[in-house]
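What follows is one structure encoded as structure tokens, with my remarks underneath.
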Number of protein chains: 2
Amino acid sequence: MADLTALKAAALTEFAASGYLGTSIARIAERAGVSKASVLYHFESKEALLASAVGSAIEELEHLLDRVGTGDLGLEERKVFVEGFVQFLLRNRLAVHIFMNQRGTLADLTVMRRADALIERIAQFLMERTASLDEHMRFGIALGGAAYLLANAGVLPGPQPDDIEVRESLNRILIGLLVPEAAR
Amino acid sequence: MADLTALKAAALTEFAASGYLGTSIARIAERAGVSKASVLYHFESKEALLASAVGSAIEELEHLLDRVGTGDLGLEERKVFVEGFVQFLLRNRLAVHIFMNQRGTLADLTVMRRADALIERIAQFLMERTASLDEHMRFGIALGGAAYLLANAGVLPGPQPDDIEVRESLNRILIGLLVPEAAR
DNA sequence: TCAAATCCTGACCGATCGGTCAGTACTGTG
DNA sequence: CACAGTACTGACCGATCGGTCAGGATTTGA
């Protein structure tokens, strides 16, 4: 029996490095050491394979957003969210890379619309009260920049581990940008 | 005679919206009102069409970097660069979208390697002296976030014009992040 | 006016893709 | 042993893609 986890990992790596459209099922199969037909035996389609490969990342982000709730934005809740978000980014670099860089191109795939809904929730959570253009832009730059930076930092080399220094630096910068009321 | 400018504009729009791999020459031809063979009469290949479509954006960024020089980073030079960079982003949203989201996928295309070299120059220009991890991360977040935010803000709807308010807000935020010595 | 150059197109080609299918090998169970 | 279910594969199919080509239409210029 084939290792479905290894199959999903191979798909995630290839989809992030070469893009969903630029990756053939045959190449994923080759990387995992099975035949193309075998891949399609375990996953009913290429799209289903992508959905399965990024599924855990989507669920992790959903849980993070559920935990923080939809209520009004407390100062402490924001800090908690930022730290959880940074952890999510560091643990799901490849999936985040796919979301960030292929969102528009793959807008017709169900799984991508699901990811879009999560981004929408984050935006609402952070911007509910603030109407100033400067704050909107700063929030967008902070979240988009952090996600993009981590997702694209060496997709192929991937040397940086879940470095604790990087995580703490990110926490500091993002809290400074997203929770301006926080003591400085 | 076909309007080569319209052809390049159609290609730029489709490549940004659907991705280079997800866009067929036939669709670009249809959008421009000509035949597929006619497109390939004016551009020797799909890759050459992409290079031509993003060419002016690349040249504009090259000139910006040449103007600012490679010498040591003066405080005023940084401000000038930031404002020029923001203007570049606002004037080349579609090309920036392609660079940001398809850099890895299209790494084998000559024009993409040229764009990569420019990103490298920007990084060197801003980080020459500073070795602190926090500053590296903050610079990356600021530049990447601003570029990503603008490039992906409504690729299809594209309602926002070169809004003067957006430009000034961006200048303020980026100068605050990239030129910390600046008066506040 | 006429020939050369330019512009443009439909028809075609080989390659690649996602997906199907019939059949084989293996494994567990009664 | 017999049988059933699971895992897996090579061969194949229709569709789409980038690119070629021979030839028709249009423009140019002497």
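Just so we're on the same page: letters track the sequence lines, and every chain starts at 1.
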For the pair made of [atom1] in [X] and [atom2] in [N], what is the distance, rounded to whole Å?
X        : N      : atom1 : atom2 : result
B/Leu21  : D/dT16 : CG    : P     : 17 Å
B/Tyr41  : D/dA25 : OH    : P     : 17 Å
A/Leu40  : D/dA7  : CG    : P     : 15 Å
A/Leu109 : C/dG18 : CG    : P     : 13 Å
A/Ile25  : D/dC8  : CD1   : P     : 16 Å
A/Glu44  : D/dA7  : CD    : P     : 16 Å
B/Leu50  : D/dC17 : CG    : P     : 17 Å
A/Arg27  : C/dC17 : CZ    : P     : 8 Å

ask   = Would you say B/Glu60 has more than 12 foreign heavy atoms packed within less than 6.0 Å of its CD?
value =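 Above 12, so yes.
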
message = Tell me whether the side-chain N/O atoms of B/His42 come closer than 4.0 Å to OP1 or OP2 in C/dT6.
response =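 Answer no for this pair, as no side-chain N or O of B/His42 is under 4.0 Å from OP1 or OP2.
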
ask   = Taking only side-chain nitrogens and oxygens of A/Ser35, does any of them come within less than 4.0 Å of OP1 or OP2 of D/dC8?
value =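 No, outside the criterion.
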
Residue [X], side-chain atoms from C-beta onward, closest of [options]:
X       : options               : value
B/Ser38 : D/dT9, D/dG18, C/dC8  : C/dC8
B/Ser24 : D/dG19, C/dT6, D/dC17 : D/dC17
A/Lys36 : D/dT9, D/dC21, C/dG18 : C/dG18
A/Ser45 : C/dG19, C/dC8, D/dG19 : C/dG19

inquiry  = Measuring from atom CG of B/Leu21 to atom CG of B/Leu106, what distance do you get when rounded to the nearest 0.5 angstrom?
reply    =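 If I round to the nearest 0.5 Å, the distance is 6.0 Å.
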
CD-CG distance between B/Glu59 and B/Leu118, expressed to the nearest 0.5 angstrom =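 The CG atom of B/Leu118 is 11.0 Å from CD of B/Glu59, to the nearest 0.5 Å.
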
message = For a quick test of reading the model, state the closest non-hydrogen atom pair linking A/His97 to A/Asn152 and the distance between them.
response =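 Heavy-atom minimum between the residues: NE2-OD1, 3.2 Å.
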
task = Tell me which of A/Ala26 and B/Ala37 sits closer to the 5' end of DNA chain C, going by the nucleotide each one is nearest to.
result =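 Looking at the nearest nucleotide for each, B/Ala37 comes out on the 5' side.
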
key: Base C/dG19 to side chain A/Lys46, donor-acceptor N/O within 3.5 Å cut-off   =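 No.
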
request  = Dump the intermediate steps for salt bridge (charged side-chain N to carboxylate O under 4.0 Å, His left out) on A/Arg121 and A/Glu62, then the final yes or no.
outcome  = CA-CA 10 Å; A/Arg121 279 180 69 182; A/Glu62 270 172 354; 6.0 Å; no

